[in-house]
Amino acid sequence: MKHKLEHLLQQAVAALKTQGVLDPELAVQINLERARDTQHGDFASNLAMMLAKAARTNPRQLAEKIVAAIPQDNLVSKIEIAGPGFINFFANPDSQFQIVKQIHDAGPEFGLSKIGAGKRVQVEFVSANPTGPLHVGHGRGAAYGSAVADLLEAAGFDVEREYYVNDAGRQMDILATSVWLRYLEECGEVLPFPSNGYRGEYVRDIAFNLHKKAGNDYRRPAELVLEDIPADEPQGGDKEKHIDALIERAKTLLGMEQYGSVFQVGLDEILADIKDDLQEFGVGYQHWFSERLLMDDGSIQQALQRLEVAGYLYKQDGAIWFASSRLGDEKDRVVIRDNGQSTYFASDIAYHMNKLDRGFDQIVNIWGADHHGYIPRVKAAMQALGADESKLKVLLVQFAVLYRGDEKVQMSTRSGEFVTLRQLRNEVGKDACRFFYVMRKSEQHMDFDLKLATSRTNENPVYYVQYAHARVCSVLRQLDEKGRARNLNLGMEHLNLLTESHETELLGTLSKYPEVLERAAVQYEPHQLIHYLRELANQFHSYYNAHQFLVDDDRLCNARLNLICAVRHVLANALSLLKIHTPEAM
RNA sequence: GCGCUUGUAGCUCAGCCGGAUAGAGCAUCGGCCUUCUAAGCCGAGGGUCGCAGGUUCGAGUCCUGCCAAGCGUGCCA
């Protein structure tokens with residue numbers, strides 16, 4: 001409907017250009033939106049006001065010329081000029097009824113779009129370090145990222161979901177060493193645990209399993225482990241130096257092969273947990289991309305070489321720097337440290353080069369808001385590599401703050417005390433969890449109220465939408481219990497009996513769904529879909545209370561049943577897109 | 001200090017590319033279950049869109065300054 005009207009306006013503009021009313025060179029942007037007030041028809045355009053200046057007339061006069069130039073079309077029953085020069089379109093009521101038939105015919109396909117057809121887009125999200133289980137902060141990225149990916153797919157894009165696994169670097173060494181130290185405790189060695197190690201209970205679990213499987217294979221005496229290790233922070237030392245020395249000790253005492261095994265056990269167990277967790281949350285990936293792969297296959301050296309050739313690298317204080325400040329970053333960044341090791345940023349340059357080489361039309365990164373300062377340097381790197389940096393879209397997700405009623409839930413990663421995503425899902429349930437995470441715009445700071453999300457009352461918006469779906473199913477069951485049968489065709493033939501204001505309103509809202517879906521996808525804003533669902537559910541509940549569906553008149557009864565089944569289809573399509581259940585009874 | 005994000009009803013938030021009288025939910029108050037599920041519906045009250053300027057036919061929306069909150073500002077990842 002909307003696209004059709006836009007096309008009509010375009011034809012009108014073209015006609016006015018040939019008539020000489022408008023400059024043929026003039027670039028015209030057709031602006032059409034849903035009228036907010038039904039008095040203003042169904043769609044409104046401000047075209048005349050936009051073009052008035054260029055055409056050197058007043059908006060209302062121009063509007064009249066535009067209206068005169070619009071071709072006849074049976075979708076439109078009336079066109080009015082109103083206010084300062086709005087052009088208001090009134091849809092033909094008969095055409096409005098057709099939406100019920102369209103929805104029925106398209107079924108699960110209704111609302112899908114083809115605007116992304118032929119375009120490949122990659123969405124990278126979550127990508128949490130595999131040093132521990134996912135917590136509630138990652139949950140928002142997971143829910144938002146998968147919703148964005150699913151929306152893009154619904155809009156016709158060829159979508160590839162990817163998780164970047166930071167399986168290299170110092171944090172992983174700290175994890176491996178933490179696992180080993182806990183393992184030594186399992187073996188019966190007595191030694192202090194570093195303040196900067198991973199203290200979470202899950203590390204003990206991994207160590208326990210390792211001990212069960214490998215016995216004392218990795219055991220070394222505590223005296224040897226602790227010999228000449230600089231003091232930890234609580235003892236007045238430096239916690240970084242302390243842990244680094246322990247990492248080195250682990251490597252020398254175990255040898256690289258055994259150390260590698262311990263490292264791998266930690267990585268594998270945590271990654272398996274993360275994958276499992278995400279899958280239960282309805283989040284799936286096409287690729288798990290390993291950072292270690294980049295180091296092993298020479299990608300990093302290759303990327304740095306390209307920067308070198310382009311003249312963006314220089315040496316200073318023993319380190320190698322990337323001159324990102326020449327490309328908009330606030331300062332230059334180290335890529336190779338003075339100890340010869342490459343930085344995380346160097347990996348990221350290679351990773352983004354790899355993404356570009358894979359030929360995506362668009363690359364979407366979903367990051368926590370605390371990484372926002374990182375965007376300029378990555379974009380700078382892409383430019384330096386000669387790539388089109390506009391291909392990269394970084395979406396930031398603000399942190400979610402957990403509340404239980406009025407009380408803030410405290411979290412601390414250091415102490416290992418945090419609410420995991422798994423705990424949250426168990427407490428709140430997958431449906432409410434996803435709904436709440438996606439309900440807000442991603443860049444909004446979010447308060448996640450556990451009490452509200454778990455409540456089974458009218459305060460909880462998830463049930464409100466699901467209830468609408470269940471109610472339609474319930475009506476159909478009632479029909480059956482009364483010994484009546486649905487007559488689909490009879491209903492379709494008499495859709496014109498749907499003249500109540502609630503019915504007209506619902507028809508309009510149903511026809512909006514494809515536009516909402518498309519906009520939510522293109523703008524990366526799944527919350528728009530949630531708001532639409534609440535609106536649709538609200539209109540349905542009002543309708544339900546105002547009118548009886550199972551009336552004696554078979555024609556009206558079936559027309560109404562067809563309408564509410566159309567509502568059910570749209571609810572189901574949108575909810576399943578968001579991986580939220582559509583209960584048939586509640 | 002600088003940078004990014006945010007500021008809309010008592011609370012949590014929508015508000016599409018600048019458009020017509022700024023909207024929901026919760027909370028508060030008043031109604032609706034012998035009829036398809038009351039996890040629902042109907043109604044009422046509640047606003048200086050952080051503040052001050054500017055741009056124009058028109059600003060919650062764009063620009064500038066200020067105020068407030070969160071985050072960032074490592075040879076950490």
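Hydrogens, waters and symmetry mates are skipped; everything else that's a heavy atom, side chains included, is used. Chain letters run A, B, ... following the sequence lines, proteins first, then strands; residues in each count from 1.
Here rG7(B) sits opposite rC67(B) as a Watson-Crick or G-U wobble pair (both hydrogen-bonding atom distances under 3.5 Å). Nucleotide rC13(B): paired with rG23(B) (Watson-Crick or G-U wobble, both distances less than 3.5 Å). Pairing for rC49(B) is absent, judged as Watson-Crick or G-U wobble with the two contacts each under 3.5 Å. Under the Watson-Crick or G-U wobble criterion, with both distances below 3.5 Å, rC33(B) is left unpaired in every strand shown. Base pairing of rU73(B) is made with rG1(B), judged by Watson-Crick or G-U wobble geometry with both donor-acceptor distances under 3.5 Å. Across all strands shown, the partner of rA44(B) is rU28(B), judged by Watson-Crick or G-U wobble contacts whose two distances both fall under 3.5 Å.
As rounded to whole Å, 16 Å separates atom P of rC36(B) from atom NE2 of His541(A). Here rC41(B) presents its C1' atom at 14 Å from CD of Gln548(A), a figure rounded to the nearest Å. Straight-line distance from the CH2 atom of Trp367(A) to the P atom of rG72(B): 15 Å, rounded to whole Å. When the P atom of rC4(B) is taken as reference, atom CD1 of Ile375(A) falls 11 Å away, rounded to whole Å. The separation between Arg534(A) atom CZ and rU12(B) atom P is 15 Å, rounded to whole Å. In this entry the distance linking OH of Tyr543(A) with C1' of rC36(B) reads 12 Å, nearest Å. As a whole-Å value, the separation of Glu33(A) CD from rU61(B) C1' is 12 Å.
Checking the phosphate oxygens (OP1, OP2) of rC4(B), no side-chain nitrogen or oxygen of Gln398(A) falls inside 4.0 Å. Under 4.0 angstrom from either OP1 or OP2 of rG74(B) there lies at least one side-chain N or O belonging to Lys331(A). Not one side-chain nitrogen or oxygen of Arg170(A) sits closer than 4.0 Å to the OP1 or OP2 atom of rG74(B). In this structure, Tyr464(A) reaches the rC41(B) phosphate: one of its side-chain N or O atoms is under 4.0 Å from OP1 or OP2. The side chain of Lys441(A) places an N or O atom within less than 4.0 Å of a non-bridging phosphate oxygen (OP1 or OP2) of rG15(B). Between Ser542(A) and rC42(B) there is a side-chain polar atom (N or O) within less than 4.0 angstrom of OP1 or OP2. Listed pair Arg471(A) / rA39(B) fails the phosphate criterion, with no side-chain N or O lying under 4.0 Å from OP1 or OP2.
Among the atoms of the strands shown, none is found under 4.0 Å from any heavy atom of Glu515(A). As judged by a 4.0 angstrom heavy-atom cut-off over every strand, Asp348(A) is placed among residues making no nucleic acid contact. No contact: Ala128(A) has no heavy atom under 4.0 Å from any strand. Residue-level contact check: Asp370(A) touches the backbone only, with heavy atoms under 4.0 Å from sugar-phosphate atoms and none from bases. Here Glu535(A) lies out of heavy-atom contact (under 4.0 Å) with every strand. Among the protein residues, Asn129(A) comes within range of the sugar-phosphate backbone only, with heavy atoms under 4.0 Å from sugar or phosphate atoms but none that close to a base. Across all strands shown, Ala470(A) has heavy atoms under 4.0 Å from base atoms, whether or not it also approaches the sugar-phosphate. Across all strands shown, Ala585(A) has heavy atoms under 4.0 Å from base atoms, whether or not it also approaches the sugar-phosphate. In this structure, His527(A) reaches the sugar-phosphate backbone alone: every heavy-atom distance under 4.0 Å involves primed, P, OP1 or OP2 atoms, never a base. Note on Met172(A): nothing from the nucleic acid sits closer than 4.0 angstrom, heavy atoms only. Note on His547(A): a base of the nucleic acid sits closer than 4.0 angstrom, heavy atoms only.
Glycosidic torsion of rC17(B) falls within 90° of 0, placing the base in syn. Base orientation for rC33(B): syn, the chi torsion being within 90° of 0.
If you check rC75(B), rC17(B), rG19(B) against the side chain of Val334(A), the one that comes closest is rC75(B). Closest approach to the Arg440(A) side chain among rC36(B), rC71(B), rU12(B) is made by rU12(B) (side chain taken as heavy atoms from C-beta onward). Comparing rC75(B), rA14(B), rG19(B) by their closest approach to the side chain of His531(A) singles out rA14(B). Picking from rC13(B), rA39(B), rC76(B) the nucleotide with the shortest atom distance to the side chain of Gln171(A) gives rC76(B). Set against rG3(B), rC41(B), rC36(B), the side chain of His372(A) has rG3(B) as its closest nucleotide. For Glu330(A), whose side chain is taken as the heavy atoms from C-beta onward, the closest listed nucleotide among rC36(B), rC71(B), rU73(B) is rU73(B). The side chain of Ala319(A) lies closest to rC75(B), out of rG72(B), rC75(B), rA77(B). Checking rG19(B), rA77(B), rA14(B) against every side-chain atom of Phe86(A), the shortest atom distance belongs to rG19(B). Checked against rG40(B), rG15(B), rA39(B), the side chain of Asn545(A) finds its nearest nucleotide in rG40(B). Here the nucleotide nearest the side chain of Tyr544(A), chosen from rC75(B), rA77(B), rA38(B), is rA38(B).
Checked by atom type, the side-chain pair Asn196(A)/Lys241(A) shows no donor-acceptor distance below 3.5 Å. Side-chain polar atoms of Asn487(A) and Arg555(A) form no donor-acceptor pair below 3.5 angstrom.
Two residues are said to be in side-chain contact when any heavy atoms from C-beta on lie closer than 4.5 Å; Leu47(A) and Phe86(A) fail this criterion. With contacts defined as side-chain heavy-atom distances shorter than 4.5 Å, the pair Trp367(A)/Val394(A) qualifies. Residues Tyr374(A) and Asp348(A) meet the side-chain proximity criterion, which asks for heavy atoms closer than 4.5 Å.
When the nearest nucleotides of RNA chain B are assigned to Asp317(A) and Lys482(A) by heavy-atom distance, the more 5′-ward of the two goes with Lys482(A). Both Asn538(A) and Leu396(A) lie near RNA chain B, and the one whose nearest nucleotide falls closer to the 5' end is Leu396(A).
A cation-pi geometry, defined here as NZ or CZ lying under 6.0 Å from the six-membered ring centre and within 45° of its normal, does not hold between Arg471(A) and Phe540(A).
For Phe549(A) and Tyr543(A), the ring centers are positioned less than 6.0 Å apart. Ring centroids of Tyr532(A) and Tyr513(A) are separated by less than 6.0 Å, placing the two rings close together.
Remark: ring of His40(A) stacked against base of rA20(B); centroid gap under 5.5 Å, plane tilt under 30°.
Between Asp329(A) and Lys379(A) there is no salt bridge, since no side-chain N of the basic residue sits under 4.0 Å from a carboxylate O of the acidic one.
Put simply, the side chain of Asn88(A) and the base of rA20(B) share a donor and an acceptor less than 3.5 Å apart.
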